[in-house]
2 protein chains.
Amino acid sequence: MATIKDIAKLSGFSIGTVSRVINNRADVSPATREIIERVIREQNFQPNTNAKRLKQTMFSPVTIIVKGIGNTFLEAVLEEIQINMYLHGESINVTFLDERANCVAEAVKIIAAQNPKGLIFLGGSINNFRKDFKAVQVPSVLATGNASMLGYDNLSSFTTDDYRAAADAVEHLVQAGHRRIGILGGYPESWPEDIGALRLSGAVNALESGHADFVKDRDYEPCAFSLQGGYNAARNLLRRTPDLTALFAIGDLVAVGALKGLQDNGYRVPQDISVIGFDGIPFASYTNPRLATIKQDISLLAKRTVEDLLLRMNYQRPVLHETIPYYFVEGESIAVRHSSV
Amino acid sequence: MATIKDIAKLSGFSIGTVSRVINNRADVSPATREIIERVIREQNFQPNTNAKRLKQTMFSPVTIIVKGIGNTFLEAVLEEIQINMYLHGESINVTFLDERANCVAEAVKIIAAQNPKGLIFLGGSINNFRKDFKAVQVPSVLATGNASMLGYDNLSSFTTDDYRAAADAVEHLVQAGHRRIGILGGYPESWPEDIGALRLSGAVNALESGHADFVKDRDYEPCAFSLQGGYNAARNLLRRTPDLTALFAIGDLVAVGALKGLQDNGYRVPQDISVIGFDGIPFASYTNPRLATIKQDISLLAKRTVEDLLLRMNYQRPVLHETIPYYFVEGESIAVRHSSV
DNA sequence: ACTGATCATGAAAACGCTATCATAAAATTA
DNA sequence: TAATTTTATGATAGCGTTTTCATGATCAGT
């Protein structure tokens, strides 16, 4: 690899002048510039970024740490974040963490390795933050979860009110006349436990305190947060508890899998059994029947995340903890049931 | 930010000794080590990676350049690559490029900025490589396309034989008795033109040289490579050419959208119209009816990509250009049509 | 107690670059 | 022509590390 010193020697000028050419400084004579540029081209010279950064204490682009590759919802958020960043003229850099990794401990390593201007956490669990986050010295946002109780002064958070939204979801089923409602959940390991736990407890509480007849051991089936997970769980739950008339899936991925699992096992949706999901992933509008779901406002979530991070990167500002609204999306996967009970 | 010098001063030792502690060298007395480690902890000191890298001429992790965020197929490949890299103990770094970006020109910037050990291109078009690739000095792989004709000695490529696979896809429709077959395509801008063009010409040629009655202007509808694109295109094409009995969609995303578009417009799949896709994305097995498709061997593609890159990163090896096998996946979206024509 | 080996530590050079300052040459002005 | 400004360039001091080499202290063996 050629260095600036080589270019200087070969072109007959000093490294200072070569540096000026590299950085397009004005005070270089055209003739000199041309010679040096030719040598640079000939040698295929690329200035060493580490040296440059060391001197200038520069930073890398905002890094987004995604835990759980393959999660369509997170990918949709990521896509929106990328668009927003692009609009602000910022580029991004994404690191996918293994599901098993401790989100923040790994993130600290990444910070050390790349020195990013800012950090966005996508899909990590709150619990990961309790211990290790203090070492993170960079403006950060938790884009899917509520970090207000942690009280860190460089970690904002934006999230849907998962507890209330899940309660709303089952409420919609109750409104439609359903009294025997099952829940398809997520294993803690494969799904950020806080969000999963919030949705689960939101739904369970709403059912137990409402007019429905709900017994967790009988009517709840945990599963991997995936298509396959939903497919299997729906079948297993209905085999165990055949009198259910509706299912709440803790995520759309699970719901789409469940839809197919039900259909493959001879259940008609929604005539035999209704289904509602959670998240509002793009595919949810393209299933047959179209999936009813709780749609998180992905683009607002991304917009607020980017706005806050950029603001705090450039000015001294307090962190923010906001709740993003959600919407019920009607679908053909819910049938009205005339109360026969 | 504390530097190693601060730690040295505060602990009363020299920077050399502090460096030895940081790097877990053996020749430091336990007492000294403890003192220095305490100071490091107190000061929340993180060694500056740029300085470290400069001294050691280290490199950043393999960087994957993905053009076209939101493309489910590429995300599936990405997921497999990440798994394979993880198995080899390598971490990765992903940069999502705007659709409009020139893949290689951007890559050069990334190299300048990050100095990665290796580079994987996902979803970029071959044409992007013709001009700028010479400046890329790093072992690289084009994971979705054939770069053999370019003859670069640091760019391997792995790809499905898109031309032949697309021909096979329509052949399956012909085998099932269809003679009036439409094609749902992709706009060059939103889909790597080479792959799109290959699939299109493969399908068109197979139809024109086969027993089918195909007229491109009448039976082909270009569309964005997205669910929405397929949804609209299917409707438009059938409005224009109502006597089609089968559709080949140039990608599963388009096919899934088409499925819904057809159903929403009163067509039954497959009784009224058959559909076959291309790619083999996970969602394709969860549609109703299940989508017939040409499945690329995503995990093999990822495996070979990673193997080759790692090998060439560590040893002097010639580049490889391999074709990855593909499979026809049966689905309920194709009906057998008894030749009435 | 005296030599030679071992150990813990410090001093300083180097990594490749940028930026400041100094300086010689050229251009402008009086 | 002398005095002044402008311009192009070179020399050099860092940036924060690692690493080599040198040095003084401790230790074992006679």
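Each chain gets a letter, A, B and so on, in the order the sequences are listed, and its residues count up from 1.
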Chemist: Ile7(B) has an atom CD1; how far is it from atom P of dG16(D), in whole Å?
Modeler: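 Taking atom P of dG16(D) as the reference, CD1 of Ile7(B) is at 13 Å.
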
Chemist: At under 4.0 Å between heavy atoms, which parts of nucleotides 6-11 of chain D does protein reach? Answer with one letter per nucleotide, 5' to 3': B base, S sugar-phosphate only, - none.
Modeler: --SBB-

Chemist: Check whether the side chains of Lys67(B) and Asn128(B) place a donor and an acceptor atom closer than 3.5 Å, and report yes or no.
Modeler: yes

Chemist: Contact class for Thr3(A) vs. all strands (heavy atom < 4.0 Å): base, sugar-phosphate, or nothing?
Modeler: sugar-phosphate

Chemist: Please list, in 5' to 3' order, the outermost nucleotides of DNA chain C lying under 4.0 Å from any heavy atom of chain B.
Modeler: dA8(C) to dG16(C)

Chemist: Check whether any side-chain heavy atom of Thr144(B) lies under 4.5 Å from a side-chain heavy atom of Phe73(B), and answer yes or no.
Modeler: yes

Chemist: Just list the side-chain donor-acceptor pairs under 3.5 Å for residues 53-64 of chain A, sequence neighbours left out, or say none.
Modeler:
unit_1   : atom_1 : unit_2    : atom_2 : d
Arg53(A) : NH2    : Ala113(B) : O      : 2.5
Ser60(A) : OG     : Gln114(A) : O      : 2.5

Chemist: What is the distance from NZ of Lys55(A) to C1' of dC15(D), rounded to the nearest Å?
Modeler: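 Result: 5 Å.
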
Chemist: What is the separation between atom CG on Asn48(A) and atom P on dG16(D), rounded to the nearest whole Å?
Modeler: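 Result: 16 Å.
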
Chemist: In whole angstrom, give the distance that lies between atom CE of Met58(B) and atom P of dT18(D).
Modeler: 10 Å

Chemist: Do Leu150(B) and Arg130(B) come within less than 4.5 Å of each other through their side chains, counting heavy atoms only?
Modeler: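 Yes, close enough: below the 4.5 Å cut-off.
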
Chemist: Within the 4.5 Å heavy-atom criterion, are Leu155(B) and Val319(B) side-chain neighbours or not?
Modeler: no

Chemist: Leu10(B) versus Glu42(B): any side-chain heavy-atom pair under 4.5 Å?
Modeler: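 Leu10(B) vs Glu42(B): side chains apart.
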
Chemist: Rounding to an integer number of Å, can you tell me how far Ile4(A) CD1 sits from dC15(D) P?
Modeler: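 It works out to 19 Å between those atoms.
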
Chemist: Below 4.5 Å, heavy atoms only, C-beta onward: do Asn23(A) and Lys52(A) meet side chain to side chain?
Modeler: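 They are in contact (side-chain heavy atoms under 4.5 Å apart), so the answer is yes.
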
Chemist: Within the 3.5 Å criterion, strictly below it, is a donor on Glu80(B) or Ser299(B) matched to an acceptor on the partner's side chain?
Modeler: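 The answer is no; no qualifying pair exists.
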
Chemist: What is the separation between atom NZ on Lys52(A) and atom P on dG16(D), rounded to the nearest whole Å?
Modeler: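 Rounded to whole Å, this separation is 18 Å.
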
Chemist: Can you tell me how the ring of Phe133(A) sits relative to the ring of Tyr152(A), calling it parallel under 30°, perpendicular over 60° and tilted otherwise?
Modeler: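 Phe133(A) vs Tyr152(A) ring planes: tilted.
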
Chemist: I want to confirm an ordering. Mapping Ile22(A) and Gln56(B) to their closest nucleotides on DNA chain C, which one lands closer to the 5' end?
Modeler: Gln56(B)

Chemist: Could you check whether Asn50(B) gets within reach of a base, just the sugar-phosphate, or nothing at all, counting any heavy atom under 4.0 Å?
Modeler: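 Nothing: the residue Asn50(B), judged by heavy atoms under 4.0 Å, touches no strand.
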
